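The next block holds one structure in the form of structure tokens; read it before the comments.
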Amino acid sequence: LCAVGVASLFTLGPPHLDHTSPPSVLTRHIGYFWIWTALGPALGLLVMGLSLQNWVDPGVNPDNIDPGDSNWVGRWWVGWFIAAGLLLVVTVLMALIPRGDEHPRSQSQEVEMQRPDGRRKEEVKIDKTYEVQEHENGVGPNGEILDKKGCARLSNLMKSILRSFSYCTTTLAIAAEVFVISGYGVFIAQILQSKFSLSASVANLYVAAMVLGGGLGGILIGSQISHCLRLSPRQNALFCWVVALISLPFFFGNFVTCGQLPLAGVTVDYNPDNNGNEIRYSGLSLDNACNQGCDCSRSSYYPVCADGITYFSPCYAGCTTRNDGGAGSCVCVASDPFNIGVNEDLTVTNNKCDQGCGNALNAYIGIMFCALFFTLMNNAPATIVSLKSVVKPCRSMAMGLQQIVIRVIGSVTAPLVFGAAIDASCILWNEPCGNRGNCLEYRDDLLSQNILLVSIVPKAFSALMFFLAWWYFPDTPEANMRPGDKIAEDNLNRMSNDDRVDRPEVVDPSRVEMGKIPSTIPSSLPGNSKPCES
């Protein structure tokens, strides 16, 4: 239901902005559009992180458990009610938008043209040559396919869109970028919990900070750079390629970690055979002579800590008594369970052992912040490239097709691939009723390697596609047009002497009869692909 509701926003939003916004501020407006789409998930993570610190039932505050406990159940439902209320407000506001039969710029399209001396600007009429050519090729003034109905019209539009190699490569590049963002969006909190032994609420607060700073900042800065430098569509494609290359090295920050958690029976042996907490991944078992006869269950993960070693539960630590904040008389904690000293401390504390790696956590957050920042810098420029690589009547259809590819390759596939890569590094599974459940602990080095692999490959592919989009950008009147330039002058300057024609008069599209083109209008312009051929 959420996908159905927002589909029109991403499909019709950018083409609508392209049609109604002055070219000089189009990139900035598209940047604002994407900023709001990223602000929602960031605020959602922030609300989730705060609400998960409270017990699921209002008015209840249990004394024997805290948010850092693996069995803690936070108030997960709060965000849904807030989101529902905001959606109702936005829906009412959108319903108040008046219906318009014509766009405000459909009759006289005007752009700001920068004078060569840069001292002042003036309003000029855009040459209608390109629009009239669309009539000649079977496209009506409102984007309809003349003499085509139903499937024939759809087929005509699709053929015209798919002929644009730059559009296809840009779509694949965006899909690869969304693949990475979607994968991290779903699993980054889980990765933080595994790498740095954080609670779910704290991990979500870190993720919210990264999205608010890196995500929104990247979209804003990317759109502002494109706007301030007055980049043409072809230059925006080059910008996307360069930024994609810059973002690649930051994903190697996945190797920043606290190190493997010493977990008795999983990554280290029980005393006295642990050899100074030496990490190893084979020949180990949670069952040991020190906890024989305790009949411990693996259905509930309740980690406790003693002397830098984490135990699966007080039962597996050989504990026989409970106390505030932990347990006592834990035989497995002794340096030699079969020869326990008189004054030896046999207590454990709740939760995993603190590995004391605050610097590593800060480094990881900083590196991932930069990776997210540079990845999302491409949002607005890539949208401009997608729009300008196809002719105007086909842009709404092109954005719809692009969203389908993005959802299939990125949003739907990424969680499956990332989930499989993360599960492949699992070394301890939950086993409720003897069946394998969710993963409890991961092998640290393998997790870093797998996450890097599923990140760097699509990022490299994205950089390659952006390069091809720039190199093979279609030679249309808008290809090298910077905001404020005049289409006809640029178009005529690119013509060879043999193909040069007199500058055509400005023609009102409403006066052009179907199939009757004034003789003063050339039937085709050099460098222009035939849009939406019938």
Side-chain angles (χ1 to χ4, degrees), residues 62-66 68-73 193-195 197 199 258-356 423-447:
D63 297 329
N64 58 344
I65 194 172
D66 58 71
D69 196 293
S70 59
N71 295 306
W72 175 268
V73 181
Q193 292 178 61
S194 176
K195 282 177 170 286
S197 301
S199 65
C258 276
Q260 187 65 58
L261 176 71
L263 182 59
V266 180
T267 58
V268 296
D269 210 335
Y270 284 90
N271 290 330
D273 302 319
N274 56 9
N275 294 325
N277 294 349
E278 178 187 2
I279 301 296
R280 59 193 184 97
Y281 301 101
S282 60
L284 299 175
S285 174
L286 286 173
D287 298 316
N288 189 267
C290 63
N291 54 39
Q292 264 185 344
C294 295
D295 194 23
C296 301
S297 172
R298 298 189 185 183
S299 61
S300 181
Y301 187 40
Y302 195 87
V304 292
C305 174
D307 299 328
I309 300 179
T310 300
Y311 297 85
F312 188 93
S313 66
C315 180
Y316 277 103
C319 304
T320 58
T321 62
R322 283 275 187 183
N323 56 35
D324 293 337
S329 302
C330 304
V331 179
C332 297
V333 173
S335 57
D336 186 353
F338 305 103
N339 187 17
I340 301 175
V342 177
N343 298 322
E344 201 163 358
D345 185 9
L346 301 180
T347 61
V348 295
T349 56
N350 293 332
N351 301 324
K352 301 176 184 178
C353 295
D354 183 9
Q355 295 178 272
D423 283 347
S425 61
C426 184
I427 55 176
L428 178 62
W429 294 92
N430 191 17
E431 298 179 2
C433 302
N435 300 318
R436 194 175 82 167
N438 61 297
C439 185
L440 300 176
E441 293 294 338
Y442 299 91
R443 178 169 171 173
D444 190 71
D445 57 345
L446 195 56
L447 176 64

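The structure presented is a predicted model; accordingly, all values stated were derived computationally and were not measured. Just so you know, these numbers use all the heavy atoms, side chains as well, and skip hydrogens, waters and symmetry mates.
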side-chain contact (heavy atoms from CB on, under 4.5 Å) against [X], all qualifying residues, sequence neighbours excluded:
X      : result
Asn430 : Pro432, Asn438, Leu440
Ser329 : Thr320, Thr321
Ala327 : Pro314, Cys319, Cys330, Val348
Glu441 : Leu261, Leu263, Tyr301, Lys352, Ile427, Leu428

- Ala306 to Val333 - nearest heavy-atom pair and separation: CB-CG1, 3.7 Å

- Query: What heavy-atom pair brings Tyr270 and Cys290 nearest, and what distance separates the two atoms?
  - Reply: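 Closest pair (atom of Tyr270, atom of Cys290, distance): CD2-SG, 3.9 Å.
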
Hey, what do you get for [atom1] ([X]) to [atom2] ([Y]), rounding to the nearest 0.5 Å?
X      : Y      : atom1 : atom2 : value
Cys296 : Asp287 : SG    : CG    : 7.5 Å
Ser197 : Asp354 : OG    : CG    : 8.0 Å
Gln260 : Tyr442 : CD    : OH    : 12.5 Å
Leu447 : Ser425 : CG    : OG    : 4.0 Å
Ser335 : Asp307 : OG    : CG    : 9.0 Å
Ile309 : Cys353 : CD1   : SG    : 8.0 Å

Kindly write out the residues that satisfy side chain to side chain donor-acceptor pair (under 3.5 Å) with [X], not counting sequence neighbours, or none if the list is empty.
X      : result
Asp445 : Arg443
Ser297 : Ser299
Thr347 : Asp345
Gln292 : none

- Message: Once salt bridge (charged side-chain N to carboxylate O under 4.0 Å, His left out) is applied, do any residues pair with Arg322, and if so which ones, sequence neighbours excluded?
- Response: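 For Arg322, no residue satisfies salt bridge (charged side-chain N to carboxylate O under 4.0 Å, His left out) once neighbours in sequence are set aside.
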
- Partners passing salt bridge (charged side-chain N to carboxylate O under 4.0 Å, His left out) against Asp444 (at least two apart in sequence or in another chain):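 Applying salt bridge (charged side-chain N to carboxylate O under 4.0 Å, His left out) to Asp444 gives none.
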
- Query: Within the side chain of Asn350, is there an N or O that forms a donor-acceptor pair under 3.5 Å with the backbone of Val304?
  - Reply: no

Just wondering, do [Y] and [X] contact through their side chains at under 4.5 Å, heavy atoms?
X      : Y      : result
Asp269 : Leu284 : yes
Val266 : Tyr281 : no
Pro303 : Tyr311 : no

- Task: List in chain and number order the residues that pass ring pair (Phe, Tyr, Trp, His ring centres under 6.0 Å) with Tyr316, two or more places apart in sequence or in another chain; answer none if no residue qualifies.
- Result: Phe312

- Message: Tell me every residue that passes disulfide bond (SG atoms under 2.5 Å apart) with Cys294, counting only those two or more places apart in sequence or in another chain.
- Response: none

- Could you check Leu286 against Arg298 for side-chain contact (heavy atoms from CB on, under 4.5 Å), going step by step and ending with a plain yes or no? CA-CA 9 Å; Leu286 286 173; Arg298 298 189 185 183; 3.7 Å; yes

- Item | Other residues, nucleotides, ligands: >12 heavy atoms within 6.0 Å of Asp336 CG | yes

